[in-house]
Amino acid sequence: MRARSFLTTVAAIGGLALAPGCGPDCQSTCNRLYQENECNLQRPGQSRDDLLRSCNNACTNALKTPGEIREEYTPSQYTPSDQSVRFINDQEAALWMDCVETQACEKLDDGYCSPTSSFGD
């Protein structure tokens, strides 16, 4: 029950990221992941433009869907690369954006802040 309360609090704080001018947005988050002057994450067979487009599309689409954070969606925890993780609503996208903003690039490429590693798949 405590974990659920914590997630609800984090979601409420993360929801602030959705307000214009407050915190990260889809574009700044995806740029942090894939731009050369940022984390510069790369995926075999995927161009930077494809990764940016896929990331922005997934994020923007999730923001259009109101919802609660599912108990199984925990982007701040390590996710093995063989597990597919997706955010599906606005609260999960906000939590993901906050995670990407606060993690080191090495951690982002190593299974933290999922679905970072699955864009372009």
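One is the number of the first residue; the rest follow in order along the sequence. Predicted model, so just to flag it, every value in this text is computed and none were measured. Any value given below was found using the heavy atoms of this structure, including those in side chains, with hydrogens, waters and symmetry copies removed.
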*asked:* Closer than 4.0 angstrom, basic N to acidic O: yes or no for Arg86 and Glu92?
replied: no
*Main-chain N/O of Gln77 paired with Thr74 side-chain donor or acceptor, under 3.5 Å*: no
*Quick one: closest heavy-atom pair of Pro75 and Cys99, and the distance?*
O-SG, 3.7 Å
*Note: Lys107-Asp110 ion pair, threshold 4.0 Å (strictly below)*: no
_Atom pair CG/CG of Asp109 and Leu41 - distance to nearest 0.5 Å_ = 4.5 Å
*So do Cys30 and Cys59 have their SG atoms closer than 2.5 Å?*
no
*Find the distance between CZ (Arg48) and CG (Asn31) and round it off to the nearest 0.5 Å.*
10.5 Å
_Is the shortest side-chain heavy-atom distance between Trp96 and Ser114 below 4.5 Å?_
no
*Would Arg70 and Asn89 count as having a side-chain donor-acceptor pair, cut-off 3.5 Å?*
no
*Who are the side-chain hydrogen bond (donor to acceptor under 3.5 Å, both in side chains) partners of Glu106, not counting sequence neighbours?*
none
*Is a side-chain donor-acceptor pair under 3.5 Å present for Ser28 with Asp25?*
yes
*Under a 4.5 Å cut-off applied to non-hydrogen side-chain atoms, are Leu52 and Gln27 in contact?*
no
*asked:* Any side-chain to backbone donor/acceptor pair from Arg32 onto Glu38? Under 3.5 Å, distance only.
replied: no
*Cysteines Cys26 and Cys55 with SG distance under 2.5 Å*: no
*asked:* In terms of relative ring orientation, are Tyr73 and Phe87 parallel, tilted or perpendicular, with 30° and 60° separating the classes?
replied: perpendicular
*Distance from Ser47 atom OG to Gln42 atom CD, nearest 0.5 Å?*
11.0 Å
_Closest approach of Asp90 to Leu63 (non-hydrogen atoms, all atoms of both residues)_ = CB-O, 3.8 Å
*Is there a side-chain contact between Val100 and Leu108 (heavy atoms, below 4.5 Å)?*
yes
_Within this structure, what is the OH-CG distance for the pair Tyr34 and Asn56, rounded to the nearest 0.5 Å?_
10.0 Å
*Starting at CD of Glu101, measure out to OG1 of Thr29 and round the result to the nearest 0.5 Å.*
7.0 Å
*List the steps, then state whether side chain to side chain contact (heavy atoms under 4.5 Å, CB included) holds for Leu95 with Ile69.*
CA-CA 9 Å; Leu95 188 61; Ile69 296 173; 3.7 Å; yes
